[in-house]
Student: 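Here it is, the structure in full.
When a residue number appears, it is its place in the shown sequence, counting from 1. The shown structure was predicted, so the numbers you read here are calculated from the model rather than taken from an experiment.
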Amino acid sequence: MGTADISADTSKTYDIRTYGCQMNVHDSERLSGLLEDAGYVRAAEGGEADVVVFNTCAVRENADNRLYGNLGRLASVKAQHPGMQIAVGGCLAQKDRETIVRKAPWVDVVFGTHNIGHLPALLERARVQEEAQVEILESLEVFPSTLPTRRESAYAAWVSISVGCNNTCTFCIVPALRGKEKDRRSGDILGEVAALVNEGVVEVTLLGQNVNAYGSDIGDRQAFGKLLRACGEIEGLERVRFTSPHPKDFTDDVIAAMAETPNVMHQLHMPLQSGSDEVLRAMRRSYRQERYLGIIERVRAAMPDAAITTDIIVGFPGETEEDFEQTLEVVRRARFAQAFTFQYSKRPGTPAAEMENQIPKEVVQARYERLVELQEQISWEENKKQVGRTIEVLVAEGEGRKDGATARLSGRAPDNRLVHFTRPEESVSPGTAQSGTGLAARPGTAQSGTGLAARPGDMVTVEITYAAPHHLLAEGPTLGVRRTRAGDAWERRQAEASAPKQAGVMLGLPKIGVPAPLPAAESGCAC
């Protein structure tokens with residue numbers, strides 16, 4: 001199916017609202033690219049869009065209530081906005097199909113996880129035929145990375161290496177909605193990464209539902225480690241991350257690749273889900289407590305500075321107080337830098353939703369609070385160990401919500417910890433243009449030292465002076481600024497965005513990418 005072209009009417013605007021995990025965030029970049037390729041323009045913030053797209057998540061119990069509440073609020077808006085269209089895609093659309101149109105008949109298009117490339121044509125068909133279009137494919141038609149992309153970041157990018165999942169975890173509906181795992185050819189992945197670096201990207205995150213199972217299509221259990229090492233040979237690529245691995249597929253060759261490849265960061269997000277062997281068995285997680293802790297020990301033996309984060313589910317059906325105490329014990333022993341903790345909620349269509357011994361809400365809440373309190377204490381203790389260290393921080397955009405009030409900037413350390421730091425003092429030459437945020441716009445790719453402005457994508461050297469549970473502070477003067485090609489790319493994007501009639505940076509293949517840094521998965525659907 002070809003892409004609809006509305007270039008004759010470039011006034012049509014779009015707004016994409018994304019829920020769920022990093023895979024959905026990445027898919028939304030594809031949807032933005034498709035719509036802009038078809039002639040749409042991103043709507044101004046706070047403005048009414050001609051097309052509103054919901055990219056949905058189905059892993060939370062109230063996902064459908066949230067969607068229908070948002071759709072209900074848009075019904076009156078659409079009634080007063082002739083020609084407005086509403087589309088619903090993603091995992092919930094893949095699951096509910098015609099139900100969405102029945103409950104919200106003002107929706108124009110429903111599309112699934114396997115056919116996001118059809119959205120522009122479905123919108124055009126709905127407009128011409130004046131009736132809702134529902135198209136759900138049962139298997140992947142085109143690998144998403146072949147689609148146009150509107151990247152949200154000039155300096156960091158998601159790179160999808162696989163889609164789908166072959167696991168059968170009883171709490172997870174993702175495999176039923178995303179399908180069996182399909183791997184990309186390593187040459188295509190590395191070609192995309194090289195193209196991104198050529199555009200100015202300095203950090204990539206390899207993305208997959210079960211990222212370290214990469215190679216299962218060809219029976220090569222060491223394919224993921226080889227891919228990490230190959231990324232290390234790409235000149236100009238400074239930081240490589242990946243998410244999310246599964247403990248059952250995590251092999252020692254990956255640990256070696258992380259330790260021996262200079263641009264692979266010593267940061268690991270390894271979902272635990274539960275510390276109880278009984279609960280892990282009920283979850284159908286094919287590892288046990290000691291195997292998980294053994295991986296952590298080997299990672300730390302190879303990389304003592306590694307920051308390890310995790311996902312934990314509290315209150316899985318049948319979880320006893322003893323089971324929960326086992327989770328707390330693993331948290332104490334693993335010393336996670338951060339943990340994304342979730343109260344179990346039923347996912348319709350999963351085996352766990354039908355299990356006996358569902359845990360009362362008040363019990364789940366109490367356990368959840370105990371876990372959060374313990375992890376907060378550990379996170380703070382681990383962060384305090386960073387005080388006094390001198391580190392290089394990748395300057396980010398939009399990471400520090402209070403940066404304006406504190407006159408600070410924010411960014412990510414190599415281990416992905418969030419760092420707020422004092423804005424570098426800038427030496428300004430006569431006639432040098434200054435941006436409204438204090439991020440000076442000056443050309444140059446190889447400048448370093450003090451007295452330079454720090455742009456998103458640049459690197460700054462700072463000394464950590466204070467630690468909180470969720471961030472670090474560098475309150476002293478910036479020790480150095482290294483201006484990078486990524487900062488130049490950010491600067492160009494700012495200029496293009498402010499130019500008349502520019503919708504943003506549109507990149508077709510092979511120039512693809514994504515936002516930085518990784519947002520925390522809202523719904524915890526990582527494996």
Student: Under 4.5 Å between any side-chain heavy atoms of Cys172 and Asn167, yes or no?
Tutor: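 Cys172 does not reach Asn167 side chain to side chain.
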
Student: What I want to find out is whether Arg423 reaches Asp403 closely enough, with some N-O distance under 4.0 Å, to be called a salt bridge.
Tutor: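 No, Arg423 and Asp403 are not salt-bridged.
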
Student: Can you tell me how far apart CG (Leu472) and OH (Tyr466) are? Round to the nearest 0.5 Å.
Tutor: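 One finds 10.5 Å between CG of Leu472 and OH of Tyr466.
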
Student: So, applying side-chain hydrogen bond (donor to acceptor under 3.5 Å, both in side chains) with Gln386, which one of Lys384, Glu382, Arg389 is it?
Tutor: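 The option that passes is Arg389.
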
Student: Under a 3.5 Å distance rule, please check whether Arg483 uses its side chain to pair with a backbone N or O of Ala453 as donor and acceptor.
Tutor: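 Side chain of Arg483 to backbone of Ala453: a pair is present.
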
Student: I want to check something: taking the side chain as every heavy atom from C-beta on, are Glu181 and Val163 in contact at a cut-off of under 4.5 Å?
Tutor: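 The answer is no; the side chains never approach within 4.5 Å.
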
Student: Hey, mind stepping through Met270 and Tyr292 against side-chain contact (heavy atoms from CB on, under 4.5 Å) and telling me if it holds?
Tutor: CA-CA 9 Å; Met270 178 76 80; Tyr292 184 93; 3.3 Å; yes

Student: Are any of the side-chain heavy atoms of Thr205 and Thr243 separated by less than 4.5 Å?
Tutor: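 They are in side-chain contact.
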
Student: If you look at every heavy atom in Asn383 and Pro469, which pair is closest and at what distance?
Tutor: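 Looking at all heavy atoms of both residues, the shortest contact is ND2-O, 3.1 Å.
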
Student: Just by modelled atom types, is the His420 backbone N or O under 3.5 Å from a matching donor or acceptor in the Ser410 side chain?
Tutor: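 No; zero donor-acceptor contacts below 3.5 Å.
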
Student: I'd like to know if the side chain of Thr422 and the backbone of Gly476 have a donor-acceptor N/O pair within less than 3.5 Å.
Tutor: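 Yes, because the side chain of Thr422 sits within donor-acceptor range (under 3.5 Å) of the backbone of Gly476.
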
Student: Taking Thr56 for its side chain and Gly89 for its backbone only, find out whether a donor-acceptor pair lies under 3.5 Å.
Tutor: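 Judged by distance alone, yes, a pair lies under 3.5 Å.
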
Student: Let me see the working for Ser216 and Asn166 under side-chain contact (heavy atoms from CB on, under 4.5 Å), right down to the final yes or no.
Tutor: CA-CA 9 Å; Ser216 61; Asn166 293 336; 4.0 Å; yes

Student: In terms of side-chain geometry, is the basic nitrogen of Arg30 or Asp27 positioned less than 4.0 Å from the acidic oxygen of its partner?
Tutor: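 Asp27 and Arg30: not salt-bridged.
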
Student: Do Glu238 and Glu203 have side chains that approach each other closer than 4.5 Å (heavy atoms only, starting at C-beta)?
Tutor: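 Sidechains of Glu203 and Glu238: no contact.
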
Student: Looking at Pro271 and Pro245, what are the two nearest heavy atoms and their distance?
Tutor: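 Heavy atoms of Pro271 and Pro245 come nearest at CD-O, 3.2 Å.
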
Student: Tell me the closest heavy-atom pair linking Val299 and Phe250, and the distance in Å.
Tutor: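 Residues Val299 and Phe250, closest heavy atoms: CG2-CE2, 4.1 Å.
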
Student: Treating Trp380 as the side-chain partner and Ala467 as the backbone partner, does any N or O pair qualify as donor plus acceptor under 3.5 Å?
Tutor: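 Flag set: sc Trp380 to bb Ala467 pair under 3.5 Å.
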
Student: Within this structure, what is the CZ-OG1 distance for the pair Arg298 and Thr251, rounded to the nearest 0.5 Å?
Tutor: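 Arg298 atom CZ to Thr251 atom OG1 measures 9.5 Å (nearest 0.5 Å).
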
Student: Could you grab the distance from atom CD1 of Ile464 to atom NZ of Lys385, nearest 0.5 Å is fine?
Tutor: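 Ile464 atom CD1 to Lys385 atom NZ measures 16.0 Å (nearest 0.5 Å).
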
Student: Would you say that Ser32 contacts Val53 through its side chain, given a criterion of any heavy-atom pair below 4.5 Å between the two side chains?
Tutor: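 Result no, sub-4.5 Å side-chain heavy-atom pair not found.
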
Student: Any side-chain heavy atom of Val52 within less than 4.5 Å of one from Arg17?
Tutor: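 They are in side-chain contact.
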
Student: Main chain of Val197, side chain of Arg485: is a donor-acceptor contact present, judged purely on distance under 3.5 Å?
Tutor: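 Checked: pair present.
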
Student: To the nearest 0.5 Å, how far apart are CZ in Phe111 and CG in Leu119?
Tutor: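 Nearest 0.5 Å value for the CZ-CG distance: 4.5 Å.
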
Student: Between Thr484 (side chain) and Gly457 (backbone), is there a donor-acceptor pair under 3.5 Å?
Tutor: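 Between the backbone of Gly457 and the side chain of Thr484 there is a qualifying donor-acceptor contact (under 3.5 Å).
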
Student: Backbone N or O of Gly215 within a donor-acceptor pair of the Asp183 side chain at under 3.5 Å?
Tutor: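 Judged by distance alone, yes, a pair lies under 3.5 Å.
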
Student: Take Phe242 and His269, measure what ring-ring contact (aromatic ring centres under 6.0 Å, His included) needs, and give me the verdict at the end.
Tutor: CA-CA 8 Å; Phe242 57 90; His269 183 74; over 10 Å; no

Student: Looking at Ser162, is its backbone amide N or carbonyl O close enough to the side chain of Ser160 to form a donor-acceptor pair, meaning the two atoms are under 3.5 Å apart?
Tutor: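 Yes: the side chain of Ser160 pairs with the backbone of Ser162.
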
Student: Give the C-alpha distance, both sets of side-chain angles, the deciding distance and a yes or no for side-chain contact (heavy atoms from CB on, under 4.5 Å) between Arg408 and Lys402.
Tutor: CA-CA 8 Å; Arg408 295 186 180 120; Lys402 298 179 181 178; over 6 Å; no

Student: With distance as the sole criterion, is a donor-acceptor pair present between the side chains of Thr465 and Glu475 under 3.5 Å?
Tutor: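 Looking only at side-chain atoms, Glu475 and Thr465 do form a donor-acceptor pair, the distance falling under 3.5 Å.
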
Student: Work out which heavy atom in Ile16 is nearest to a heavy atom in Ser28; give both atom names and the distance.
Tutor: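 Closest pair (atom of Ile16, atom of Ser28, distance): CG2-OG, 3.6 Å.
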
Student: Measure the shortest side-chain to side-chain distance between Val159 and Leu207 over non-hydrogen atoms and say whether it is less than 4.5 angstrom.
Tutor: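 In short, these two side chains do not touch, never coming nearer than 4.5 Å.
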
Student: Quick one: CG on Asp253 to CE on Met258, what's the gap to the nearest 0.5 Å?
Tutor: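 These two atoms lie 12.0 Å from each other.
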
Student: Indicate yes or no: at least one non-hydrogen side-chain atom of Arg482 is less than 4.5 angstrom from one of Glu392.
Tutor: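 The answer is yes; the side chains approach within 4.5 Å.
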
Student: Will you find, in the side chains of Thr18 and Asn55, an N or O donor that is under 3.5 Å from an N or O acceptor?
Tutor: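 There is no such pair between these side chains.
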
Student: Using modelled atom types and a 3.5 Å cut-off, is there a donor and acceptor pairing between side-chain atoms of Tyr40 and backbone atoms of Asp50?
Tutor: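 It does not hold such a pair.
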
Student: Checking His266 against Asp415 for the side chain to side chain donor-acceptor pair (under 3.5 Å) test, could you report, in this order, the C-alpha distance in whole Å, the side-chain angles of both residues, the deciding distance, and whether it holds?
Tutor: CA-CA 6 Å; His266 293 179; Asp415 62 12; over 6 Å; no

Student: Do Asn263 and Arg239 pair up side chain to side chain, a donor and an acceptor below 3.5 Å, judged on atom types alone?
Tutor: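 Per modelled atom types, Asn263 and Arg239 side chains form no pair under 3.5 Å.
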
Student: Can you tell me how far the CG atom of Leu418 sits from the CD atom of Glu399, to the nearest 0.5 Å?
Tutor: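 Here the rounded value is 5.5 Å.
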
Student: Answer yes or no: are there more than 12 heavy-atom neighbours, outside Arg335 itself, under 6.0 Å from its atom CZ?
Tutor: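 Yes.
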
Student: To check you understand the geometry: which heavy-atom pair defines the closest contact between Ser153 and Arg493, and what is its length?
Tutor: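 Shortest heavy-atom contact: N-NH1, 3.6 Å.
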
Student: Determine whether the side chains of Glu36 and Tyr14 contain a donor N or O and an acceptor N or O closer than 3.5 Å.
Tutor: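 A pair is found: one side chain offers a donor N or O, the other an acceptor, under 3.5 Å apart.
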
Student: Is the ring pair Tyr19/Phe54 parallel, tilted or perpendicular, if the boundaries are 30 and 60 degrees?
Tutor: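 Parallel: the ring planes of Tyr19 and Phe54 meet at under 30°.
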
Student: Using distance alone, with no hydrogens and no angle criterion, decide if His246 and Asn210 have a side-chain donor and acceptor under 3.5 Å apart.
Tutor: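 Side chains of His246 and Asn210: no pair found under 3.5 Å.
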
Student: Identify the heavy atoms of Thr310 and Leu272 that sit nearest to each other, and give their distance.
Tutor: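 Looks like OG1-N, 2.9 Å.
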
Student: Please step through side chain to side chain donor-acceptor pair (under 3.5 Å) for the pair Thr341 and Gln375, ending with a clear verdict.
Tutor: CA-CA 9 Å; Thr341 53; Gln375 182 55 53; over 6 Å; no

Student: Evaluate side-chain contact (heavy atoms from CB on, under 4.5 Å) for Tyr214 paired with Asp249, printing each intermediate quantity in order.
Tutor: CA-CA 9 Å; Tyr214 178 76; Asp249 296 309; over 6 Å; no

